[in-house]
Amino acid sequence: MMIGVDVGGTFTDVVAIFDGTIRTAKVATDPRNTESSVLAGAEELGVREADHFNHASTHGLNAVITRRLPKIAFLTTLGHRDILDAGRVWRPATALTDPHWRRPFGDAARPLVPRYLRRGIRERITADGTALFPLDEAQAREQLAVLKRCGVTGVAICLINAYVSHRHEERLRELVFEELGRDVACSISSEVSPLAKEFARASTTVIDVFMKLIYGDYTRRLDSGLKGRGFDGDLNYANCAAQLVPADVAMERPFQIVFAGPAAGTMASAHFGRLVGASNLLCADVGGTSCDISLVTDGQPFVNTTFELEHDLIVNALSNEVSSIGAGGGSLVTISQAGELQVGPGSAGADPGPACYHKGGTEPTTTDTCVLMGIIDADGFAGGRMKLHPELARQAFERLDTVLTLEQRINYAFNVAINNIAEGVTNIAVHHGIDPRDYSLVAFGAAGPMLLPAVLDLVHAAEVVVPPHPGLFSALGLVSSDQVYGSSRSAYTILTEDAAASVDAVYREMEAAMRARLRGVGTEVQFVRRFDGRLAGQTWETPFIPVPDGTIDATGVRQMIANFHEAYKARTGNAFTMLPVQGVTYRVQAVIPSAKVDYPRIERRSAGRPEPRRMVEIRYLTDQPLKTGEYDRTALRAGDRITGPAIIREPLSTTFMLPGQALTVGDYGELRINKAF
């Protein structure tokens, strides 16, 4: 039995795979005690029987965004302590002409590490690894004495050129433990992210220290709670590419799990897409707080070598590219200073939640909109566990300070929410230069099937696919992935036949370290080599170029160069084979295949057609109420066809089709929605 848990800002989604059967649970997230929600859901599904417990969370990500962070220090080479304030000196396009704009993590805004806790250490390693100035241990101890008086609980160390030579960082870490004690969390950049480009290495190391402090205690509490409920299997975390890592290994480099939650939905989509023959996917996970949009092309998620937690706040971790916008079921409906009705990006979250929850929320949300329209069944919400209060939703809309009528407020709120999601999907398509007509729009998250069919005509996608269990689909991504260990190292090398020995040595060292760590796992481990390269003289690299297995000799280097030119042409449309190629970052992954969720096929209907269980009214969508058939998803069979308007209900989600749309049920129970012809 496998259990997957996706901890979101509003709900914690739990799925269990037992003898081919998928069990599900949805628990409100307790932001003050996150593991309690996880344990409650796990106990409900019988965690005692599980062999694997796979976990993804936005807990660390939310801590960074809200700045609810522990007090840490940053040590770097003397004269460089403001590297965390400067960042890459990039502005977003919307702020190019704004004199008041400030970097969100800069000293003038909300710094991750205040300037007085960023200290310079007298030392310097040159680009070739030699010591221009030796580490001044006496001066370092003076700085550490200051930090001790300040009561820091963690220290991030990033010295200039430490990715070439790590001896100064390692000695400085020893001094940290001597002066501040072994209980202080300490990360050094040469272990966390031994890559070129100083700021990204520094910011990654800082995030790693935060995650050690946030997830270290959390993991111990979670592990203790699981064992107390009879679980004695393997506890895994998902990394930012939704690949599984044992919890103890993840805690060695916890920066890799900070963005795991949104990435899991992309992995679930890719796995399910392969089953149903849809290899090109635009994935939209619409939850309570946000809409997370990602891309799958030819069956593979689009993976980046870095990602941003905020604008210009870089983390050096392989990650599924996910774009988040403030458009979820809890998105607040407000009136701007100009008198315009807007939806999001603010959210009611789980506490107090939408007004109709009757938990103290007074502002209307997208959920309130859909309750008043009749899309959400107020008596059957969350599988009937929670009764909603339409009268409170109506009162919330009536309190809006606007001249719009109540009917207009509700209609505009629905359409603005739809257009916000459509804009986000279109931006992803434009950014990657794809034609949405070649892609299926996968709708998941509790609110995805409710809103995405209305987006179909706006983005001109081929179809909308609603997978089984859409309300917990991201959690299914945690039982759709392999266990993966990764390592990377930067070494600027012009790729020539003479460089074969040095390149080969880099890969052999990384693979030897992985084999030592994986001793006893078995022979099923597969090593995958890649490198990031560039044309000599360029600044930015082309990532993930394939590297031959075995010994890298002259023939292997020539293959690396050929692979680079092929990938460069595919990405840019140009090839410059006359220019030398420079290898920058060398990557190795050890992939251990894991058991994956197997979606059961559903029966086909032998006779007749699907019949609605009742007729309901959809209000405020058009001038007159629409008579709409309401169907139970569990009663549908493969091959069934339904024309809109229609509502398909299931315990943890609702699918809403507009007039002029048609739905066909697939072999695995997926709902495929397109225009009715």
Side-chain angles (χ1 to χ4, degrees), residues 72-89 107 113 115-147 152 154-180 186-206 208-209 306 314 316 487-496 498-499 501-503 505-506 509-510 532 534 536-541 580 582-586:
I72 75 165
F74 175 69
L75 299 180
T76 188
T77 304
L78 189 66
H80 293 269
R81 69 170 177 167
D82 289 327
I83 188 173
L84 291 181
D85 181 40
R88 294 179 300 178
V89 203
D107 289 345
V113 183
R115 194 169 190 268
Y116 78 97
L117 295 177
R118 305 197 303 260
R119 317 299 292 189
I121 303 299
R122 192 175 293 119
E123 66 81 42
R124 185 59 185 261
I125 296 291
T126 62
D128 63 5
T130 59
L132 181 63
F133 300 116
L135 177 64
D136 188 335
E137 296 192 10
Q139 187 261 352
R141 290 183 188 275
E142 292 174 359
Q143 299 302 319
L144 291 172
V146 173
L147 299 181
V152 299
V155 179
I157 300 174
C158 180
L159 304 179
I160 299 300
N161 292 324
Y163 72 94
V164 181
S165 174
H166 49 76
R167 59 188 186 275
H168 282 184
E169 284 196 343
E170 290 180 343
R171 177 54 184 158
L172 187 54
R173 178 171 56 184
E174 293 175 4
L175 297 179
V176 168
F177 290 145
E178 290 176 12
E179 296 294 327
L180 303 183
C186 186
S187 297
I188 61 175
S189 71
S190 53
E191 289 182 353
V192 170
S193 180
L195 306 177
K197 297 185 173 63
E198 306 298 339
F199 168 67
R201 185 158 51 87
S203 61
T204 301
T205 308
V206 168
D208 190 68
V209 175
T306 64
I314 302 298
N316 280 337
S487 181
S488 57
R489 185 179 303 176
S490 282
Y492 289 98
T493 308
I494 297 295
L495 297 182
T496 64
D498 294 338
S502 62
V503 173
V506 169
E509 288 173 10
M510 288 194 290
D532 302 350
R534 64 190 186 187
Q538 286 186 320
T539 302
W540 304 108
E541 297 82 46
Q582 185 178 44
V584 177
T585 300
Y586 306 92

| field | For T76, side-chain contact (heavy atoms from CB on, under 4.5 Å) partners two or more places apart | value |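 Partners of T76 by the side-chain contact (heavy atoms from CB on, under 4.5 Å) criterion, ordered by chain and then number, come out as F74, H80, R81.
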| task | Answer yes or no: is there a side-chain heavy-atom contact under 4.5 Å between V164 and D128? | result |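 No, every pair of side-chain atoms sits at 4.5 Å or beyond.
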| Is there side-chain contact between Q538 and Q582, with heavy atoms separated by less than 4.5 Å? |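 Answer no - side chains too far apart.
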| query | Between T496 and D498, do the side chains contain an N or O donor and an N or O acceptor separated by less than 3.5 Å? | reply |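 Absent: no donor and acceptor within the cut-off.
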| Between E123 and T77, does a side chain to side chain contact (heavy atoms under 4.5 Å, CB included) hold up when you go through it step by step? | CA-CA 6 Å; E123 66 81 42; T77 304; 2.4 Å; yes
Find the distance between [atom1] ([X]) and [atom2] ([Y]) and round it off to the nearest 0.5 Å.
X    : Y    : atom1 : atom2 : answer
L75  : L159 : CG    : CG    : 8.0 Å
L195 : T585 : CG    : OG1   : 5.0 Å
C186 : L180 : SG    : CG    : 8.5 Å
R124 : T130 : CZ    : OG1   : 10.5 Å

| request: Give a yes or no on whether F133 atom CZ has more than 12 heavy-atom contacts from other residues, nucleotides or ligands under 6.0 Å away. | output: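 It does not: F133 CZ has 12 such atoms or fewer within range.
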For a quick test of reading the model, state the closest non-hydrogen atom pair linking [X] to [Y] and the distance between them.
X    : Y    : value
V155 : V209 : O-CG2, 3.5 Å
T205 : I188 : CG2-C, 4.1 Å
L172 : I121 : CD2-CG1, 4.1 Å
L175 : A140 : CD1-CB, 4.0 Å
R118 : L84  : CD-CD1, 3.8 Å
I157 : E169 : O-OE2, 3.5 Å

Those residues that, when tested against [X], pass salt bridge (charged side-chain N to carboxylate O under 4.0 Å, His left out) (two or more places apart):
X    : result
R119 : none
R173 : E191
R122 : D136
R167 : none

| task | Using atom types as modelled and distance alone, determine if a side-chain donor or acceptor of R534 lies under 3.5 Å from a backbone N or O of T539. | result |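 Side chain of R534 to backbone of T539: a pair is present.
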| request: Please confirm whether the backbone N or O of D85 pairs with a side-chain atom of D107, one donor and one acceptor, at under 3.5 Å? | output: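 Absent.
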| message | By the definition side-chain hydrogen bond (donor to acceptor under 3.5 Å, both in side chains), identify the one residue from S193, S189, S203, S490 that meets it with N316. | response |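 Exactly one candidate clears the test, S193.
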| task | Apply side chain to side chain donor-acceptor pair (under 3.5 Å) to H166 and list each qualifying residue two or more places apart in sequence or on a separate chain. | result |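 Partners of H166 under the side chain to side chain donor-acceptor pair (under 3.5 Å) test: E170.
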| Given the rule in the side chain to side chain contact (heavy atoms under 4.5 Å, CB included) test, do L144 and V176 qualify, once you have shown the distances and angles that lead to the verdict? | CA-CA 7 Å; L144 291 172; V176 168; 3.8 Å; yes
| query | Salt-bridged, K197 to E541, with N to O below 4.0 Å? | reply |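 A salt bridge is present here (some side-chain N lies under 4.0 Å from a carboxylate O).
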| message | One pair to check against side chain to side chain contact (heavy atoms under 4.5 Å, CB included): R141 and E178. What are the steps and the verdict? | response | CA-CA 9 Å; R141 290 183 188 275; E178 290 176 12; 2.9 Å; yes
